[in-house]
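Below is one structure; the comments refer to it alone.
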Amino acid sequence: MIRLGLCCLFREEPITFRSTTARYLTGFPRPERLARLSALCLHNARSLGQALGYAAAHGIGAFRALSQFFPLYTHPELGYGLDELPAASAIRVELAQIARFRAAHGLRLSFHPDQFIVLSSPKPEVAANAGRELAYQTLVAELVGAEVINVHAGGAYGNKQEALARFAKHFRELPEGVRSRLTVENDDRTFTVRDLLPLCAETGIPLVYDVHHHRCLPDGLSEGEATRLAAATWERTGREPYFHLSSPRHGWGSGRPRPHADYIDPADFPACWRGLDATVDVEAKAKELAVRRLKRDLSL
DNA sequence: GCATGTCAAGTTGTG
DNA sequence: CACAACTTGACATGC
(Lines give C-alpha, C1' and ligand atoms only; values in the text may rest on other atoms or scores of the structure.)
Protein backbone atom coordinates (compact mmCIF):
# COMPACT_ATOMS: atom_id res chain seq x y z
CA MET A 1 0.00 0.00 0.00
CA ILE A 2 1.17 3.51 -0.84
CA ARG A 3 1.66 5.87 2.05
CA LEU A 4 2.07 9.58 1.39
CA GLY A 5 4.60 11.80 3.14
CA LEU A 6 4.59 15.51 3.94
CA CYS A 7 7.77 17.55 3.54
CA CYS A 8 9.00 19.95 6.20
CA LEU A 9 6.33 22.66 6.33
CA PHE A 10 2.65 23.53 6.43
CA ARG A 11 0.84 26.01 4.23
CA GLU A 12 -2.31 26.63 6.26
CA GLU A 13 -2.06 24.64 9.45
CA PRO A 14 -0.50 26.89 12.12
CA ILE A 15 2.54 24.69 12.69
CA THR A 16 5.80 26.56 12.12
CA PHE A 17 9.50 25.91 12.37
CA ARG A 18 11.75 28.77 13.38
CA SER A 19 15.32 29.58 12.52
CA THR A 20 17.84 32.37 12.83
CA THR A 21 20.91 33.65 11.02
CA ALA A 22 24.56 33.45 11.94
CA ARG A 23 25.04 37.13 11.20
CA TYR A 24 22.37 38.15 13.66
CA LEU A 25 23.45 35.81 16.44
CA THR A 26 27.08 36.86 16.20
CA GLY A 27 26.12 40.15 17.80
CA PHE A 28 25.20 38.57 21.15
CA PRO A 29 27.39 37.22 23.95
CA ARG A 30 27.42 33.41 24.09
CA PRO A 31 24.96 32.98 26.99
CA GLU A 32 22.35 35.03 25.20
CA ARG A 33 23.04 33.24 21.93
CA LEU A 34 22.41 29.91 23.65
CA ALA A 35 19.24 31.23 25.25
CA ARG A 36 17.90 32.31 21.86
CA LEU A 37 18.90 29.06 20.17
CA SER A 38 17.36 27.12 23.04
CA ALA A 39 14.01 28.81 22.53
CA LEU A 40 14.10 28.02 18.82
CA CYS A 41 15.02 24.37 19.38
CA LEU A 42 12.26 23.90 21.94
CA HIS A 43 9.76 25.57 19.63
CA ASN A 44 10.82 23.30 16.75
CA ALA A 45 10.61 20.19 18.92
CA ARG A 46 7.04 21.08 19.91
CA SER A 47 6.19 21.82 16.29
CA LEU A 48 7.51 18.44 15.19
CA GLY A 49 5.22 16.85 17.72
CA GLN A 50 2.30 18.84 16.31
CA ALA A 51 3.31 17.86 12.78
CA LEU A 52 3.16 14.18 13.66
CA GLY A 53 -0.17 14.72 15.36
CA TYR A 54 -1.50 16.31 12.19
CA ALA A 55 -0.13 13.49 10.06
CA ALA A 56 -1.70 10.81 12.25
CA ALA A 57 -5.05 12.62 12.24
CA HIS A 58 -5.14 12.92 8.45
CA GLY A 59 -3.81 9.59 7.29
CA ILE A 60 -0.42 10.97 6.26
CA GLY A 61 2.16 8.24 6.85
CA ALA A 62 5.46 10.08 6.84
CA PHE A 63 7.00 13.43 7.68
CA ARG A 64 10.30 14.93 6.58
CA ALA A 65 11.97 17.13 9.20
CA LEU A 66 13.71 20.39 8.37
CA SER A 67 17.51 20.30 8.20
CA GLN A 68 17.59 23.40 10.38
CA PHE A 69 15.65 21.67 13.14
CA PHE A 70 18.39 22.74 15.56
CA PRO A 71 19.49 25.97 13.87
CA LEU A 72 23.23 26.45 13.32
CA TYR A 73 24.02 23.32 15.33
CA THR A 74 27.17 22.58 13.31
CA HIS A 75 28.22 26.15 12.55
CA PRO A 76 32.02 26.49 12.97
CA GLU A 77 31.78 29.48 15.33
CA LEU A 78 28.22 29.42 16.62
CA GLY A 79 27.74 25.66 16.90
CA TYR A 80 26.67 24.13 20.21
CA GLY A 81 25.68 20.89 21.88
CA LEU A 82 22.13 20.01 22.89
CA ASP A 83 23.04 19.87 26.57
CA GLU A 84 24.50 23.38 26.49
CA LEU A 85 21.01 24.77 25.90
CA PRO A 86 19.07 26.05 28.94
CA ALA A 87 16.00 24.09 27.80
CA ALA A 88 17.93 20.89 27.04
CA SER A 89 15.91 18.66 29.34
CA ALA A 90 12.57 20.04 28.10
CA ILE A 91 13.74 19.49 24.53
CA ARG A 92 14.75 15.91 25.33
CA VAL A 93 11.34 15.28 26.89
CA GLU A 94 9.61 16.57 23.74
CA LEU A 95 11.77 14.43 21.47
CA ALA A 96 11.14 11.33 23.58
CA GLN A 97 7.39 11.96 23.35
CA ILE A 98 7.71 12.32 19.60
CA ALA A 99 9.59 9.01 19.41
CA ARG A 100 6.80 7.24 21.33
CA PHE A 101 4.02 8.85 19.30
CA ARG A 102 5.80 8.04 16.04
CA ALA A 103 6.21 4.40 16.99
CA ALA A 104 2.65 4.05 18.33
CA HIS A 105 1.19 5.40 15.07
CA GLY A 106 3.63 3.70 12.70
CA LEU A 107 4.75 7.01 11.18
CA ARG A 108 7.98 7.31 9.23
CA LEU A 109 10.36 10.19 9.86
CA SER A 110 13.16 11.30 7.59
CA PHE A 111 15.78 14.02 7.19
CA HIS A 112 17.04 15.58 3.97
CA PRO A 113 20.31 17.52 4.43
CA ASP A 114 20.79 20.55 2.17
CA GLN A 115 22.90 20.83 -0.94
CA PHE A 116 26.00 21.69 1.09
CA ILE A 117 26.35 18.11 2.26
CA VAL A 118 28.63 16.64 -0.41
CA LEU A 119 30.21 13.27 0.30
CA SER A 120 31.65 13.08 -3.23
CA SER A 121 33.80 16.19 -2.81
CA PRO A 122 37.55 15.96 -3.43
CA LYS A 123 38.07 18.67 -0.81
CA PRO A 124 38.71 17.09 2.59
CA GLU A 125 37.14 20.00 4.47
CA VAL A 126 33.91 19.70 2.48
CA ALA A 127 33.63 15.98 3.15
CA ALA A 128 34.51 16.53 6.81
CA ASN A 129 31.81 19.18 7.11
CA ALA A 130 29.35 16.77 5.51
CA GLY A 131 30.29 14.23 8.17
CA ARG A 132 29.66 16.75 10.95
CA GLU A 133 26.27 17.66 9.54
CA LEU A 134 25.28 14.02 9.11
CA ALA A 135 26.36 13.28 12.67
CA TYR A 136 24.09 16.07 13.91
CA GLN A 137 21.10 14.85 11.93
CA THR A 138 21.79 11.33 13.16
CA LEU A 139 21.77 12.54 16.76
CA VAL A 140 18.30 14.02 16.27
CA ALA A 141 17.21 10.99 14.24
CA GLU A 142 18.16 8.69 17.10
CA LEU A 143 16.26 10.79 19.63
CA VAL A 144 13.03 10.87 17.61
CA GLY A 145 13.29 7.50 15.90
CA ALA A 146 13.90 8.68 12.32
CA GLU A 147 15.14 5.93 10.04
CA VAL A 148 16.20 7.78 6.90
CA ILE A 149 18.71 10.55 6.19
CA ASN A 150 18.55 11.12 2.46
CA VAL A 151 21.27 12.90 0.47
CA HIS A 152 22.18 13.60 -3.12
CA ALA A 153 25.43 12.26 -4.50
CA GLY A 154 26.77 15.80 -5.00
CA GLY A 155 29.02 17.05 -7.79
CA ALA A 156 30.71 15.06 -10.55
CA TYR A 157 33.79 17.29 -10.96
CA GLY A 158 34.04 16.09 -14.54
CA ASN A 159 34.20 12.38 -13.64
CA LYS A 160 31.17 10.65 -12.20
CA GLN A 161 32.93 7.36 -11.50
CA GLU A 162 35.67 8.97 -9.44
CA ALA A 163 33.15 11.15 -7.63
CA LEU A 164 31.08 8.09 -6.68
CA ALA A 165 34.22 6.26 -5.56
CA ARG A 166 34.96 9.16 -3.19
CA PHE A 167 31.34 9.06 -1.99
CA ALA A 168 31.74 5.35 -1.18
CA LYS A 169 35.05 5.92 0.58
CA HIS A 170 33.67 8.74 2.73
CA PHE A 171 30.53 6.70 3.42
CA ARG A 172 32.58 3.83 4.85
CA GLU A 173 34.30 6.25 7.23
CA LEU A 174 31.01 7.40 8.77
CA PRO A 175 29.77 6.09 12.13
CA GLU A 176 27.36 3.14 12.08
CA GLY A 177 24.40 5.30 13.19
CA VAL A 178 24.84 7.46 10.10
CA ARG A 179 25.53 4.61 7.69
CA SER A 180 22.46 2.65 8.74
CA ARG A 181 20.22 5.65 7.96
CA LEU A 182 21.86 7.14 4.90
CA THR A 183 20.08 6.88 1.56
CA VAL A 184 21.00 8.41 -1.80
CA GLU A 185 18.61 10.07 -4.26
CA ASN A 186 18.88 10.60 -8.01
CA ASP A 187 19.10 14.32 -8.84
CA ASP A 188 18.04 16.39 -11.84
CA ARG A 189 21.46 17.63 -12.98
CA THR A 190 24.12 15.00 -12.53
CA PHE A 191 23.48 11.57 -11.02
CA THR A 192 20.68 9.42 -12.42
CA VAL A 193 19.26 6.17 -11.09
CA ARG A 194 21.44 4.30 -13.58
CA ASP A 195 24.52 6.15 -12.28
CA LEU A 196 23.74 5.40 -8.65
CA LEU A 197 22.80 1.72 -8.85
CA PRO A 198 26.44 0.51 -8.86
CA LEU A 199 27.16 2.65 -5.78
CA CYS A 200 24.13 1.16 -4.04
CA ALA A 201 25.16 -2.37 -4.99
CA GLU A 202 28.68 -1.81 -3.70
CA THR A 203 27.80 -0.08 -0.42
CA GLY A 204 24.30 -1.37 0.37
CA ILE A 205 22.93 2.19 0.47
CA PRO A 206 19.20 2.22 -0.43
CA LEU A 207 18.20 4.39 -3.40
CA VAL A 208 15.42 6.97 -3.03
CA TYR A 209 13.79 7.24 -6.45
CA ASP A 210 12.68 10.76 -7.37
CA VAL A 211 10.55 10.35 -10.47
CA HIS A 212 10.40 14.10 -11.14
CA HIS A 213 14.19 14.31 -11.26
CA HIS A 214 14.19 11.23 -13.49
CA ARG A 215 11.80 12.97 -15.89
CA CYS A 216 14.03 16.09 -15.89
CA LEU A 217 17.21 14.03 -16.41
CA PRO A 218 16.37 10.73 -18.14
CA ASP A 219 18.86 7.86 -18.17
CA GLY A 220 17.37 5.32 -20.54
CA LEU A 221 15.57 3.42 -17.80
CA SER A 222 11.81 3.38 -17.92
CA GLU A 223 9.97 4.50 -14.80
CA GLY A 224 8.95 0.91 -14.23
CA GLU A 225 12.55 -0.30 -14.41
CA ALA A 226 13.83 2.51 -12.20
CA THR A 227 11.08 1.79 -9.68
CA ARG A 228 11.85 -1.94 -9.58
CA LEU A 229 15.63 -1.44 -9.35
CA ALA A 230 15.32 1.26 -6.67
CA ALA A 231 12.91 -0.87 -4.62
CA ALA A 232 15.36 -3.78 -4.82
CA THR A 233 18.03 -1.69 -3.04
CA TRP A 234 15.72 -1.52 0.01
CA GLU A 235 15.11 -5.26 0.30
CA ARG A 236 18.22 -5.96 2.34
CA THR A 237 17.10 -3.38 4.93
CA GLY A 238 13.63 -4.87 5.40
CA ARG A 239 12.20 -1.36 5.11
CA GLU A 240 9.68 0.12 2.73
CA PRO A 241 11.17 2.04 -0.22
CA TYR A 242 10.98 5.83 -0.35
CA PHE A 243 9.98 7.60 -3.56
CA HIS A 244 9.64 11.32 -4.29
CA LEU A 245 6.96 12.92 -6.42
CA SER A 246 6.29 16.42 -7.70
CA SER A 247 4.60 18.16 -10.61
CA PRO A 248 6.23 20.90 -12.70
CA ARG A 249 5.10 24.42 -11.84
CA HIS A 250 5.29 25.63 -15.44
CA GLY A 251 4.23 22.39 -17.14
CA TRP A 252 6.30 19.78 -18.93
CA GLY A 253 6.59 21.67 -22.22
CA SER A 254 7.75 24.93 -20.67
CA GLY A 255 11.49 24.45 -20.96
CA ARG A 256 11.85 24.77 -17.18
CA PRO A 257 10.22 21.71 -15.66
CA ARG A 258 12.22 21.71 -12.43
CA PRO A 259 10.33 24.14 -10.17
CA HIS A 260 7.64 22.43 -8.13
CA ALA A 261 3.94 23.17 -8.47
CA ASP A 262 1.55 23.87 -5.63
CA TYR A 263 -0.24 20.55 -6.11
CA ILE A 264 0.40 17.16 -7.70
CA ASP A 265 -1.29 16.45 -11.00
CA PRO A 266 -2.59 12.89 -10.49
CA ALA A 267 -1.42 12.15 -14.05
CA ASP A 268 2.16 12.61 -12.77
CA PHE A 269 1.73 9.74 -10.29
CA PRO A 270 3.47 6.80 -12.02
CA ALA A 271 1.04 4.06 -12.94
CA CYS A 272 3.65 1.46 -11.92
CA TRP A 273 3.54 2.70 -8.29
CA ARG A 274 -0.10 1.70 -7.88
CA GLY A 275 -0.48 -1.05 -5.32
CA LEU A 276 3.17 -1.02 -4.21
CA ASP A 277 4.27 -0.97 -0.59
CA ALA A 278 6.14 2.33 -0.65
CA THR A 279 6.34 5.74 0.95
CA VAL A 280 5.88 8.65 -1.47
CA ASP A 281 7.11 12.00 -0.22
CA VAL A 282 4.96 14.69 -1.84
CA GLU A 283 7.14 17.64 -2.83
CA ALA A 284 4.53 20.29 -3.51
CA LYS A 285 4.37 23.87 -2.38
CA ALA A 286 0.84 23.63 -1.03
CA LYS A 287 2.26 21.14 1.49
CA GLU A 288 -0.40 19.45 3.65
CA LEU A 289 -3.15 20.61 1.29
CA ALA A 290 -1.37 18.94 -1.64
CA VAL A 291 -0.89 15.67 0.25
CA ARG A 292 -4.53 15.53 1.23
CA ARG A 293 -5.70 16.38 -2.28
CA LEU A 294 -3.49 13.70 -3.83
CA LYS A 295 -4.69 11.18 -1.30
CA ARG A 296 -8.25 11.95 -2.35
CA ASP A 297 -7.45 12.02 -6.09
CA LEU A 298 -5.82 8.60 -5.89
CA SER A 299 -8.54 7.23 -3.59
CA LEU A 300 -5.92 6.17 -1.06
C1' DG B 1 2.66 47.58 11.57
C1' DC B 2 4.10 46.08 7.13
C1' DA B 3 7.13 45.39 3.24
C1' DT B 4 11.59 43.95 1.83
C1' DG B 5 16.26 42.13 1.49
C1' DT B 6 19.15 38.65 3.45
C1' DC B 7 20.55 34.22 4.99
C1' DA B 8 26.91 29.11 6.88
C1' DA B 9 27.96 25.76 4.01
C1' DG B 10 28.58 23.50 -2.61
C1' DT B 11 28.08 22.71 -7.35
C1' DT B 12 26.28 23.30 -11.84
C1' DG B 13 24.82 25.72 -15.65
C1' DT B 14 23.29 29.97 -17.66
C1' DG B 15 23.64 34.79 -19.06
C1' DC C 1 33.07 35.97 -14.77
C1' DA C 2 29.17 36.67 -11.90
C1' DC C 3 25.18 34.95 -10.29
C1' DA C 4 20.82 32.29 -9.98
C1' DA C 5 18.88 27.83 -9.00
C1' DC C 6 18.36 24.22 -5.86
C1' DT C 7 14.19 24.55 -1.15
C1' DT C 8 11.44 27.68 1.04
C1' DG C 9 10.68 30.19 4.37
C1' DA C 10 11.47 33.21 8.40
C1' DC C 11 13.84 36.75 10.38
C1' DA C 12 15.71 41.32 11.26
C1' DT C 13 15.68 45.65 9.57
C1' DG C 14 14.03 49.79 7.87
C1' DC C 15 10.30 52.64 6.50
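Proteins get letters first, then strands, A, B, ... in listed order; numbering begins at 1 in each. In this text the structure is predicted, and so the values were computed from the model without any measurement.
- On the P atoms, C/dA4 is 13 Å away from B/dG5, given to the nearest whole Å.
- Listed by first and then second residue, the ring-ring contact (aromatic ring centres under 6.0 Å, His included) pairs involving residues 216-237 of chain A amount to none (not counting sequence neighbours).
- Looking at residues two or more places apart in sequence or on another chain, you find a side chain to side chain donor-acceptor pair (under 3.5 Å) between A/Asp210 and A/His213.
- Heavy atoms of A/Glu77 sit nowhere under 4.0 angstrom from any nucleic acid atom.
- Applying the salt bridge (charged side-chain N to carboxylate O under 4.0 Å, His left out) rule to pairs touching residues 116-135 of chain A yields nothing, sequence neighbours excluded.
- The residue A/Ala130 sits apart from the nucleic acid: no heavy atom pair falls under 4.0 Å.
- Within 4.0 Å of A/Ser67, counting heavy atoms only, lies no atom of the nucleic acid at all.
- Members clustered with A/Val126: A/Val118, A/Tyr157, by chain and number, using a 4.5 Å side-chain heavy-atom cutoff among hydrophobic residues.
- Counting only residues at least two apart or on different chains, the salt bridge (charged side-chain N to carboxylate O under 4.0 Å, His left out) pairs with a member in residues 148-167 of chain A are A/Lys160-A/Asp195.
- Here A/Glu12 does not pair with A/Lys287 in a salt bridge; the nearest charged N to carboxylate O distance is not below 4.0 Å.
- In this structure, A/Arg172 pairs ionically with A/Glu202, as a charged nitrogen and a carboxylate oxygen lie closer than 4.0 Å.
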note = Counting primed atoms, P, OP1 and OP2 as sugar-phosphate and everything else as base, the B/S/- map of nucleotides 7-15 of chain C against protein heavy atoms under 4.0 Å is BSSSSS---
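- Residue A/Glu125 is classed as having no contact, given no heavy-atom separation below 4.0 Å to the nucleic acid.
- Listed by first then second residue, pairs satisfying ring-ring contact (aromatic ring centres under 6.0 Å, His included) with a partner in residues 252-271 of chain A read A/His212-A/Trp252, A/His212-A/His260, A/Phe269-A/Trp273, not counting sequence neighbours.
- When DNA chain B is scanned in the 5' to 3' direction for atoms under 4.0 Å from non-hydrogen atoms of chain A, the outermost contacting nucleotides are B/dC7 to B/dG13.
- Here A/Leu66 lies out of heavy-atom contact (under 4.0 Å) with every strand.
- Among residue pairs with one or both ends in residues 113-147 of chain A, those qualifying as ring-ring contact (aromatic ring centres under 6.0 Å, His included) are A/Tyr73-A/Tyr136; sequence neighbours excluded.
- Between the C1' atoms of C/dC11 and B/dA8, the separation comes to 16 Å (whole Å).
- Using C1' as the reference atom, B/dT4 and C/dC6 are 22 Å apart when rounded to the nearest Å.
- Between B/dT6 and C/dT8, the two P atoms lie 22 Å apart (nearest whole Å).
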Only distances under 3.5 Å count here; give the side-chain donor-acceptor pairs of residues 290-300 of chain A to other protein atoms, sequence neighbours excluded, each with its distance to 0.1 Å.
residue	atom	partner	partner atom	Å
A/Arg292	NH1	A/Tyr54	OH	3.1
A/Arg292	NH1	A/His58	NE2	3.4
A/Lys295	NZ	A/Gly59	O	3.3

ask   = Taking only Watson-Crick and G-U wobble pairs with both distances under 3.5 Å, what dot-bracket line describes DNA chain C, where [ ] shows pairs that cross earlier ones and | shows pairs with another strand?
value = ||||||..|||||||
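- In this view, A/Gln68 satisfies the side chain to side chain donor-acceptor pair (under 3.5 Å) rule with no residue, not counting sequence neighbours.
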